[in-house]
Amino acid sequence: MALFAQDKNLAMELVRSAEAAVMASGRWFGLGDKNEVDRAAVEAMRYVLHGVDMKGVVVIGEGEKDEAPMLFNGEEVGTGEGPEVDIAVDPIDGTRLMAQGQDGAISVIAAAPRGSMFSPDNLFYLNKIVTGPEAAGYIDIQAPVEFNVRIVAKAKGKKIEETTVVMLDRPRNNEILQRVRKMGARVRLIGDGDVAGALMTSLPGHETADILLGIGGSPEAVITACAMKCLDANMQCQPYFRNDDDEARAKERGLTRDTVLTIDDLVKGDNVFFAAAGGSDGDLLRGVHYHGAHIETNSLCMRSSSGTIRFISATHSQKKLEEMGGNIAYDPSVKEELGL
């Protein structure tokens, strides 16, 4: 329990980093520039993280797959004082949503003791299954899709036609989609952001889906696992290879198509922290809104060891943030380098 023995300030600072990311990237909402959304969010999150009392190392970073600006893997964050932690970030989960002015973008960050988090390295995609506490002990990624949908429905006391499956709207998920629809289950397709999709299955009061299925990014899987640990939910994954090169690299790490990665493989232990802030309005969180002199944010903070879930609604003074040096974090027109 040493990691968060004095965690109140650390918890709130991590929430602040997600708030900073959405306040900065929200300036680019609907302007069509995905890279600027990413850049603004990354710079703001980094700016706040470097003031947090911790010895943090980024294990799950931003931008490796699309050459966007990044909080890169291996980057050290924090003041260098305090607990040694692994950090997983997605400054905006759903950059396209934010850029196109669509709902559902969030900023997420997770922390766990040093050495706890699985490193995807060059394993880019995973086949995933996620469900909430009621069915957590029943899912089996090696079983047919139909089995998992039925077992989740039974555990939750629902008919198949009342059960909702959430998945990314991608061609690689078409087979799963058709099989679920053939069963008669409800399907919720999301354009981006499967961290938010997983939360839809498990977050109390916000369960708009019963099970997440399908292939998505492996970095997002680690962040999702951190959130699911906090919610007593469950997640399992298997490697998905786009080509022979993907498979060959994975085999060097002892990973095959049949490997099952459990939630404990993705993040070890029960001392995990997760925070999210709404970027654009969504089912989970209201997005960032600007009201002249002040900015409104809505955030979520969870910790696995206590099972505590906090929803935070905050109003920020634009003027005071700028006086504190927050212009770097919150104003995307400012182009100064951070000197990192």
Side-chain angles (χ1 to χ4, degrees), residues 93-94 96-97 102-106 108 125-217 220-221 223-238 240 263 274 276 278-287 298 300 302 309 311:
D93 180 34
R96 187 188 63 83
L97 299 176
Q102 297 175 359
D103 290 349
I106 61 174
V108 293
Y125 293 97
L126 291 169
N127 188 25
K128 309 174 187 180
I129 181 170
V130 181
T131 194
E134 300 96 330
Y138 300 106
I139 57 173
D140 181 358
I141 197 167
Q142 293 180 302
V145 167
E146 293 81 359
F147 167 86
N148 283 301
V149 174
R150 289 193 180 100
I151 202 71
V152 167
K154 183 175 181 179
K156 301 186 77 169
K158 291 186 173 187
K159 299 176 181 179
I160 293 296
E161 58 267 28
E162 297 170 342
T163 304
T164 301
V165 178
V166 60
M167 68 179 70
L168 284 171
D169 187 6
R170 297 289 189 275
R172 59 180 177 262
N173 288 327
N174 281 346
E175 181 185 351
I176 297 172
L177 173 62
Q178 296 308 315
R179 291 169 67 177
V180 170
R181 284 178 169 166
K182 187 175 181 179
M183 295 180 67
R186 294 156 53 91
V187 177
R188 179 164 187 173
L189 293 174
I190 53 176
D192 294 286
D194 64 353
V195 177
L199 286 167
M200 292 175 191
T201 71
S202 309
L203 188 62
H206 298 264
E207 302 103 321
T208 56
D210 300 294
I211 181 173
L212 178 141
L213 294 172
I215 299 153
E220 291 85 352
I223 298 172
T224 298
C226 293
M228 296 304 105
K229 275 282 181 89
C230 297
L231 293 166
D232 289 326
N234 197 13
M235 177 179 192
Q236 297 173 6
C237 300
Q238 286 186 303
Y240 172 81
I263 192 169
F274 175 88
S280 56
D281 289 340
D283 291 341
L284 296 171
L285 293 166
R286 179 172 162 83
N298 289 272
L300 163 69
M302 305 188 293
I309 304 169
F311 289 92

- Message: One pair to check against salt bridge (Lys or Arg N to Asp or Glu O under 4.0 Å): R170 and D194. What are the steps and the verdict?
- Response: CA-CA 12 Å; R170 297 289 189 275; D194 64 353; over 6 Å; no

- Taking it one step at a time, do L203 and I309 satisfy side chain to side chain contact (heavy atoms under 4.5 Å, CB included)? CA-CA 9 Å; L203 188 62; I309 304 169; 4.2 Å; yes

- Task: Determine, step by step, whether I176 and N127 satisfy the side chain to side chain contact (heavy atoms under 4.5 Å, CB included) criterion, reporting the C-alpha distance in whole Å, the side-chain angles of both residues, the deciding distance to 0.1 Å, and the verdict.
- Result: CA-CA 11 Å; I176 297 172; N127 188 25; 4.2 Å; yes

- Test side chain to side chain contact (heavy atoms under 4.5 Å, CB included) on M235 and K229 and set out the steps. CA-CA 9 Å; M235 177 179 192; K229 275 282 181 89; over 6 Å; no

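How far CG of L213 is from OG1 of T201: 10.0 Å, rounded to the nearest 0.5 Å. Summarising the geometry, atom CG belonging to D283 is positioned 8.0 Å from atom CG belonging to D103; distances are rounded to the nearest 0.5 Å. Remark: M228 CE to M302 CE distance equals 6.0 Å, nearest 0.5 Å. Considering CG of N148 and CD of Q236, their distance stands at 7.5 Å, rounded to 0.5 Å. The distance from atom CG of D192 to atom CD1 of I106, rounded to the nearest 0.5 Å, is 12.0 Å. Once rounded to the nearest 0.5 Å, the distance linking CG of L300 with CZ of F311 reads 5.0 Å.
The closest side-chain heavy-atom distance from M167 to L189 is below 4.5 Å. Using a 4.5 Å heavy-atom cutoff, the side chains of V165 and V152 are not in contact. In this structure, the side chains of D93 and I223 stay at 4.5 Å or more apart for every pair of heavy atoms.
When atom types are taken as modelled, the side chain of S280 and the backbone of G104 share a donor-acceptor pair closer than 3.5 angstrom. Not a single donor-acceptor pair under 3.5 Å links the side chain of T131 to the backbone N or O of N234. Formation of a donor-acceptor pair under 3.5 Å by the E175 side chain with backbone atoms of N173 is not found in this model. Listed for the K128 side chain is a donor-acceptor partner under 3.5 Å among the backbone atoms of G217. The backbone N or O of I215 sits less than 3.5 Å from a side-chain atom of R172, completing a donor-acceptor pair. A donor-acceptor contact shorter than 3.5 Å is absent between the side chain of T163 and the backbone of A185. Looking at D281, its side chain does come within 3.5 Å of a backbone N or O of G287 through a donor-acceptor pair. Using a distance-only test at 3.5 Å, with no hydrogens or angles considered, no donor-acceptor pair links the side chain of E146 to the main chain of M183.
Nearest approach of T164 to T208, heavy atoms of both residues: CG2-O, 3.8 Å.
The environment of K158 atom NZ is dense: over 12 non-hydrogen atoms of other residues, nucleotides or ligands sit within 6.0 angstrom.
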